[in-house]
Amino acid sequence: CDTGPPPPPVGPPPLAVAPGPPTPGGPITCTPYVSFVGTIDDGIVMQAFGGHLRFWHVVHAHVAATSDRILDDPSGTVLKIRLSPDGRHAVSASSDRTLKVWDLSNGQAVRALEGHSDLVRGVAVTTDGRHAVSASYDCTLKVWDLSSGEVVRTLKGHTDGVSCVTVAPDGRHAVSA
């Protein structure tokens with residue numbers, strides 16, 4: 001499977017956020033391209049390219065937000081992130097051919113999941129939170145046991161790099177492209 005270099009990011013223009021404490025109507029600066037935003041209770045996890053994941057606290061229904069934590073992945077560019085159903089962990093897919101499981105309470109990587117031979121472009125977490133499925137440019141999907149970090153199964157069949165995956169609500173089926 002020879003996929004060549006990864007494609008450039010596609011999506012909306014950069015996200016503008018207020019620097020420092022929330023100031024409705026105050027100055028804004030632009031952050032790098034954002035490819036994922038997911039909610040956790042009263043907060044938001046935002047992923048920006050370059051290996052940084054930022055946790056934001058939203059002030060009720062207002063636009064203003066403050067950031068109290070950045071999760072840094074210095075080993076590779078974070079390409080996708082998905083949250084566990086309980087909101088306590090996140091799983092990131094990276095250009096360094098790994099997935100990382102993050103503890104959102106302290107911002108630390110709990111474990112690195114290694115097994116792909118090319119960059120990991122997509123990830124999905126099952127609704128029970130026990131497994132993740134990764135999509136890689138090595139033309140495979142891998143099913144991971146999140147508690148042990150082990151590969152449960154490698155799914156082959158793509159003839160080109162796999163860039164995205166989603167898991168059905170029953171956790172028994174996945175769709176990839």
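Counting from 1, the numbers follow the sequence of the chain as shown. In what follows, every heavy atom counts, from backbone to side chain, and hydrogens, waters and symmetry copies are set aside.
Judged by distance alone, the side chain of Ser136 and the main-chain N or O of Leu119 form a donor-acceptor pair under 3.5 Å. Side chain of Asp103 to main chain of Val110: no donor-acceptor pair is present (N/O by atom type, distance under 3.5 Å, no hydrogens or angles).
We find the CG-OG1 distance between Leu141 and Thr154 to be 9.5 Å, quoted to the nearest 0.5 Å. Atom-to-atom distance recorded for Arg97:CZ and Glu114:CD is 9.0 Å, nearest 0.5 angstrom. In this structure, OG in Ser105 is found 7.0 Å from NE2 in His89, a value given to the nearest 0.5 Å. Separation of atoms OG (Ser84) and CG (Asp128) is listed at 11.0 Å; rounding is to 0.5 Å. Here the NE2-OG distance, from His158 to Ser163, works out to 8.5 Å after rounding to the nearest 0.5 Å. To the nearest 0.5 Å, atoms CG (Asn106) and CG (Leu104) are separated by 9.0 Å.
Closest non-hydrogen pair, Gly161 versus Cys139, comes out as N-SG, 3.9 Å. Across all non-hydrogen atoms, the minimal contact from Ala177 to Val162 is O-CG1, 3.4 Å. When all heavy atoms are compared, the tightest approach of Ser134 to Leu99 is CB-CD1, 3.4 Å. Contact detail for Val165 and Ala174: the closest heavy-atom pair is CG2-CB, 4.1 Å.
Criterion: ILVMFWY side-chain heavy atoms under 4.5 Å apart, direct or through other members. Under it, Val123 and Leu155 are not part of a common hydrophobic cluster. Val125 and Trp144 fall within a single hydrophobic cluster, where Ile, Leu, Val, Met, Phe, Trp and Tyr are joined by side-chain heavy atoms under 4.5 Å apart, directly or via other members. The cluster map of Ile, Leu, Val, Met, Phe, Trp and Tyr, joined by side-chain heavy atoms under 4.5 Å apart, puts Val120 and Leu146 in the same cluster.
Around the CZ atom of Arg111, the shell of radius 6.0 Å holds more than 12 heavy atoms that belong to other residues, nucleotides or ligands.
Tested against Val143 for a side chain to side chain contact (heavy atoms under 4.5 Å, CB included), the candidates Val151, Val152, Thr126 yield a single pass: Val152.
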Review point. Between Asp96 and Lys100, does a salt bridge (charged side-chain N to carboxylate O under 4.0 Å, His left out) hold up when you go through it step by step?
Key: CA-CA 10 Å; Asp96 68 353; Lys100 291 191 181 58; 3.0 Å; yes
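Every residue meeting the side chain to side chain contact (heavy atoms under 4.5 Å, CB included) condition with Thr166, not counting sequence neighbours, appears here in chain and number order: Val175.
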